[in-house]
Amino acid sequence: MLFARRDFPMFSPFMSSSDRRKPYPFDVFEPQWQAYWARNATFRVANPGEPGFDAARPKYYVLDMFPYPSGAGLHVGHPEGYTATDIIGRFKRMNGYNVLHPMGWDSFGLPAEQYAIKTGQHPAITTAQNVARFKTQLQKIGFGYDWSREIATSKPAYYKWTQWIFLKLYNAWFNPATQKAEPISTYTGPDPDRVRLAYVSEAPVNWCPELGTVLANEEVIDGKSEVGGFPVERRPMRQWMLRITAFAQRLIDELEGLDWPQSIKLLQQNWIGRSEGAEVHFSLEGSDRKITVFTTRPDTLFGATYMVLAPEHHLVDEIAAEDQWPAIRDYRAKTARKSDLERTELAKEKSGVFTGAYALNPVNGEKVPIWIADYVLLGYGTGAIMAVPAHDERDLEFARKFELPIKLVVQAPSKTLEESRGFCDNGTAVNSGFLDGLPTPEAKARIGAWLEERGLGKRTVNFKLRDWLFSRQRYWGEPFPIVWENGQHRAISESELPLTSPELADFKPTGTPEPPLSKATEWVRYSATATRELNTMPQWAGSCWYYLRYCDPANADRFVSEEAERYWMGGGKPGSKPGGVDLYVGGTEHAVLHLLYARFWHKVLFDLGYVSTPEPFQRLVNQGLIMGEDGQKMSKSRGNVVNPDDVITDYGADALRLYEMFMGPLEQSKPWSMTGVEGVSRFLARVWRLVMQENQASEWEMGPLSAEAALDKAQQRVIHATIKKVGEDIEALSFNTAIAQMMVYVNTFTAVSPRPVAALRTLLIVLNPFAPHLTEELWARLGAKFGGFEGLVADQPWPEYDPALLVEDEVEIPIQVNGKVRDRIVVAKDADKAALEAAALASPKVREFTGGKTIRKIVVVPGKLVNIVAA
RNA sequence: GCCGAUGUGGCGAAAUGGCAGACGCACCGGACUUAAAAUCCGUUGGGAUUCACCUCCCGUGCCGGUUCGAGUCCGGCCAUCGGCACCA
């Protein structure tokens, strides 16, 4: 290993005098170590079957949410999660794991394209520039990524497989009998196009005129686009959809086994929005048509006094009375014109129009009027409701406004019937015929059975989740591997992949629903009779499976080899954990977007036998937001954005890393503080000066060190307590307390001269995952003079601690009287109860407080405290 | 409205039900220096009392409970932040 030393940075250029102001010469050695790691591919990890692969080691897959390479460059929020995973990755490496820790670029999609439009350059060029910039920035922080696995979703070699997965979706259906995705060939029904997981639908979609594209429900927030915050309106368009709703139940059920934050699980659960209830058929007066409604409260059927259809409901055309048509037409037009934003803003005031038609309540034959109102949504349930104004807030509001009858059918516990008006919880059925006297849950069961027996309805489950609108009218995205002929779509063959985007000088959105790809007249024509699909896939497509590609990024024959997938994703071992990425760190903003979409795709691939685990991400951790120094969210307009490059220039990469971790718990949001950065920078300088000192010529030279110095008990205790605590804290992702412990360590040995080399050695190892540059530099310098510093710190095994050295011979025990500390005594660490009790009672101060009182009880916790209860 | 998270010094924060405030920032004092910066050492939750380094009282958003003992557990509120929001 010695011959390799020549290669080490410490032997290259000297510091110039202008560097003397730096607390330690990080600006010299940090870039040198980064170059060293890159040159030697230090963090490269071999796949099974490759040279250098060590099958004896366990695997650990630690993943970051890869960034959009936007024009703005990195901000300090990125390195927070990235530093956490880097520490874990380096730590696991030192503990003998094969660590997969990759990085790549989510380089397709709106942000990249908008930046390109803004700067007037082709997105391929701006994306390449942005990627180069992001990569430089990340490398300046010294992350131990295996850069040989770098991927970019916008590269044909990558998106070939995104398109390939789309074809798998297109050629699959969800078999309700098996509750699994299966090849479309197992479908025996009449029209396969009606059950494909990727299908075309003509439906009202979220159209954003400003962005010139449609958006998924998940991308619309408060009626505005998630990107840019532009208004979104509904308009019917022909679009590609993915049948994520088929997996709704499994997406809920299979959350259970995941080690995810409870809040994210709930967010997904609520977004999927399962609700149990019943469908009830109402027959129409004077017609043989039926209206089917969905309700979660079939037990209130006797209280249904009117019905409401969504304004767009197709039955309206058939049932509306002649004289009501003008009003209905008018109301429908008004509803259609409203954007989602207006519709939610006006949510307070109920509106609607009577259709002139009546339905018959199946339970008692009563005539109930049928209205239309925009508070009933076409897309949920059946687009029709039975209104029970007595026990539903919205129905009550509506009934009051339009003076519709209100019939009380549920009595609230310990209230009169009249007081039960507007009561929406569980109570007792009244005025409900054969349901009278039943508590709500039993009434629900009874009426459900009753309806089913008579064919008047059935118990059913509904989800809020909608199918995923999967096409975008953009240039910078994956083209669909689909062609159209005679109004019919069909897949192109896998051998034609990747289907690359056409070269386009003008790639801007057309401003109409016509996608920009329509401008590529040559490309569009597939054959004499067939044309290509013009839409592109959304941003999320590439990020739905990138974690799989990292396992085998250069594979030209398969999206990931079976062997690599099984090894890194870790499934298939009976009795083991469910498998998947071992640790995934990222922000909460993807709770119902990327994280839901990726789970969906993964399940499809799992069902079809392409991956070995049902879930992609075993353990998920959300890092908190980093706020500006003013406590506000960082934003350009507020001028409180911190650029990591500046921090590195002034304090170094190690200080940036350390501060990001020392700020507070990873999951919490917290404000940035430059004086805080200075604090950790001072700490790192103290570590530097444990080894180095400045001579008269202001040059750094080795300080007084001793290889022989014996460590006293207190020093040994600090060393071993630190090994223990830092190791445990890293596992628990409590990086801030790990750093605090290392500060204690450094404070202890700052006071010691000459410095015991053994203590320095251990410190460099435990500090290495946090401050890799500084520790490698000092390690190399110590290695030039002392033994035991061979190779890289990063390659050292994590030290073991000796529990025997952790315990003190004597401990100070607080003595409480009635729960208040009155004295402290020093006793042997293993003093037993009797000895402690005697010592406590002997204390003069204790006597002072117990004098004249009766001692009722003495609580003794050996090694902890004594509490005397006196009265 | 519903769901979730969070409330501890001047600030970021620590505390298996067992000495509240580790560690860092800031502040103040001391050493070194012609001086400053840097560095090193030390004080710092609030209040009362004292010549004092002694001693006492109060203190983890608020109210109550469990316990020998509560920042931590239980019940009820309040505030801030985040998500969902006419989902029948």
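The figures that follow rest on heavy atoms only: side chains count, while hydrogens, waters and symmetry mates do not. Because the structure is a prediction, the values reported are computed rather than measured. Proteins get letters first, then strands, A, B, ... in listed order; numbering begins at 1 in each.
Contacts classified as side-chain hydrogen bond (donor to acceptor under 3.5 Å, both in side chains) and involving residues 858-871 of chain A (residues at least two apart or in different chains) are not found.
Among the atoms of the strands shown, none is found under 4.0 Å from any heavy atom of A:R274. If you check every strand for non-hydrogen atoms under 4.0 Å, A:Q262 touches nothing. Contact annotation for A:K864: base contact, defined as any heavy-atom pair under 4.0 Å involving a base atom.
Note: A:F770 and A:F735 have perpendicular aromatic rings, judged against thresholds of 30 and 60 degrees for the angle between ring planes. The aromatic rings of A:Y745 and A:F749 sit tilted, their planes meeting at an angle between 30° and 60°.
For the pair A:Y375/A:V308, a side-chain contact is recorded, criterion being any heavy-atom separation below 4.5 Å from C-beta on.
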Write down the protein N/O and nucleotide N/O pairs, taken from nucleotides 28-31 of chain B, whose separation is under 3.5 Å; answer none if there are no such pairs.
none

Could you go over nucleotides 20-26 of chain B and give all protein N or O partners under 3.5 Å, atom names and distances?
| residue | atom | partner | partner atom | Å |
| --- | --- | --- | --- | --- |
| B:rG24 | OP1 | A:N747 | ND2 | 3.2 |
| B:rC25 | OP1 | A:R682 | NE | 3.0 |
| B:rC25 | OP1 | A:R682 | NH2 | 2.9 |
| B:rC25 | O2' | A:T675 | OG1 | 2.9 |
| B:rA26 | OP2 | A:R682 | NH2 | 2.9 |

Short heteroatom pairs, N/O only, protein and nucleotides 65-67 of chain B, under 3.5 Å:
none

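Considering only the side chain of A:I221, B:rC84 comes nearest among B:rC84, B:rC56, B:rC68. For A:N867, whose side chain is taken as the heavy atoms from C-beta onward, the closest listed nucleotide among B:rG4, B:rG12, B:rG69 is B:rG69. Of the candidates B:rA13, B:rA88, B:rG18, the closest approach to any side-chain atom of A:Q668 belongs to B:rA13.
Helical stems in RNA chain B, defined as runs of 3 or more consecutive Watson-Crick or G-U wobble pairs with both donor-acceptor distances under 3.5 Å, are listed by first residue as B:1-7 with B:78-84, B:10-12 with B:23-25, B:28-31 with B:39-42, B:45-48 with B:55-58, B:61-65 with B:73-77.
In this structure, CG of A:L266 is placed 16 Å from P of B:rA85, rounded to the nearest angstrom.
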Base versus backbone protein contacts along nucleotides 74-82 of chain B [heavy-atom cut-off under 4.0 Å; B, S, -]: ---------
